[in-house]
Amino acid sequence: MPLHATQPLPRHFYSRPTQTVARELLGCRLVRQVNGTRLTGVIVEAEAYIGESDLACHAKAGRTPRTAVMYGPPGFAYVYFTYGMHWMLNVVTEEKDFPAAVLLRAIEPLEGIKVMQRLRGGKDLRLLGNGPARLTQALGISRAENGLDLCVSESGLWIEPGERLPSGRIAASPRIGLGQTPEPWLSKPWRYFVDRSPFVSR
DNA sequence: AGCACGATTAACT
DNA sequence: GTTAATCGTGCTC
């Protein structure tokens with residue numbers, strides 16, 4: 001065992017305001033472990049989706065089979081399918097029965113890079129995780145991971161604390177890809193990213 | 001049962 | 001800069 005064995009972030013990390021969780025997830029390490037293979041990357045971009053009133057959040061449609069996980073306790077994975085081909089990974093936040101989550105949009109690859117390149121079709125390092133669908137592809141995440149508990153390592157998917165980022169390196173902007181979402185939700189600065197990181201999306 | 005659209009990406013012009 | 005790919009989801013009829 002390493003002297004300072006890293007543990008999954010505890011549930012109380014996630015049971016806080018979603019913007020706070022999104023911001024503090026930057027710099028943390030997303031871990032995917034399957035059959036002893038460890039794939040990790042530092043989270044460099046994340047977005048907050050907050051409740052039924054947020055018209056960019058899937059929970060705007062209320063409680064449905066798809067959004068059920070967001071209504072559950074914090075610290076669980078909400079994985080959904082979109083555009084007929086892509087999977088997105090979110091972490092459920094806030095208290096049970098309040099639907100909110102953080103979309104993980106980009107990682108800086110750290111461990112298991114060769115495996116990630118194979119999963120992504122042999123791409124350049126910065127193209128492995130610089131987008132929400134690329135990230136899930138690099139880590140082999142899809143339908144089966146929806147609803148996993150990220151607070152126990154047995155799930156094979158969790159987040160570990162990382163180096164604390166100076167506040168000057170954290171930037172915010174409107175969320176990406178919201179299409180015809182009305183104001184004010186379209187412009188809410190709920191996308192957080194590591195300023196000047198070459199591993200953020202777009 | 002049918003329809004419009006999507007928290008995107010890769011491959012174009 | 002534009003656009004096709006591709007199908008689950010939620011809404012309307």
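All of these numbers come straight from a predicted model, not from anything done at the bench. Residue numbers start from 1 in every chain, and the chains themselves are labelled A, B, ... in the order their sequence lines are given, proteins ahead of strands.
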Listing request: all salt bridge (charged side-chain N to carboxylate O under 4.0 Å, His left out) pairs with a residue in [range], at least two apart in sequence or in separate chains.
| range | result |
| --- | --- |
| residues 59-80 of chain A | A:Arg63-A:Asp97 |
| residues 129-151 of chain A | A:Arg11-A:Asp149, A:Arg32-A:Glu145 |
| residues 151-170 of chain A | A:Arg38-A:Glu160 |

Note: for A:Thr82 and A:Arg134 on DNA chain B, the residue whose nearest nucleotide lies more 5' is A:Thr82
Using heavy-atom distances to pick each residue's nearest nucleotide on DNA chain B, tell me which of A:Gly179 and A:Ala133 is more 5'. A:Gly179
May I ask you to check whether A:Tyr78 and A:Tyr80 place their ring centres under 6.0 Å from each other? yes
Step by step, would you call A:Glu108 with A:Arg126 a side chain to side chain contact (heavy atoms under 4.5 Å, CB included)? CA-CA 7 Å; A:Glu108 175 178 346; A:Arg126 75 176 54 185; over 6 Å; no
Those residues that, when tested against A:Ser153, pass side-chain contact (heavy atoms from CB on, under 4.5 Å) (two or more places apart): A:Pro8, A:Trp158
Answer yes if the side chains of A:Ser201 and A:Arg105 hold a donor-acceptor pair under 3.5 Å, and no otherwise. yes
Looking only at side-chain N and O atoms, does A:Glu52 offer a donor or acceptor that is under 3.5 Å from a partner on A:Tyr71? yes
Just to be sure I understand the geometry, which residues of residues 83-101 of chain A put a non-hydrogen atom under 4.0 Å away from DNA chain C? A:Tyr83, A:Gly84, A:Met85
Under 3.5 Å, N/O pairs linking protein and nucleotides 10-13 of chain C:
| residue | atom | partner | partner atom | Å |
| --- | --- | --- | --- | --- |
| C:dG10 | OP1 | A:Thr64 | OG1 | 2.2 |

Residue pairs meeting ring-ring contact (aromatic ring centres under 6.0 Å, His included), one or both in residues 6-57 of chain A, sequence neighbours left out, come to none
Would you please name every residue forming a ring-ring contact (aromatic ring centres under 6.0 Å, His included) with [X], sequence neighbours left out?
| X | value |
| --- | --- |
| A:Tyr83 | none |
| A:Trp87 | A:Phe81 |
| A:Phe98 | none |

Tell me, what's DNA chain B's dot-bracket, Watson-Crick or G-U with both distances under 3.5 Å, | for other-strand, [ ] crossing? ||||||.|||||.
Give [X] one of three labels, base, sugar-phosphate or nothing, depending on what nucleic acid heavy atoms sit under 4.0 Å from its own.
| X | value |
| --- | --- |
| A:Gly177 | sugar-phosphate |
| A:Ala56 | base |
| A:Arg202 | nothing |

Inspect the contact between A:Arg16 and A:Glu94 and indicate whether a charged nitrogen and a carboxylate oxygen are less than 4.0 angstrom apart. no
Between which nucleotides of DNA chain B, read 5' to 3', does contact with chain A run, using atoms under 4.0 Å from its heavy atoms? B:dG6 to B:dA10
Looking only at atom C1', what distance separates C:dG1 and B:dA7, rounded to whole Å? 23 Å
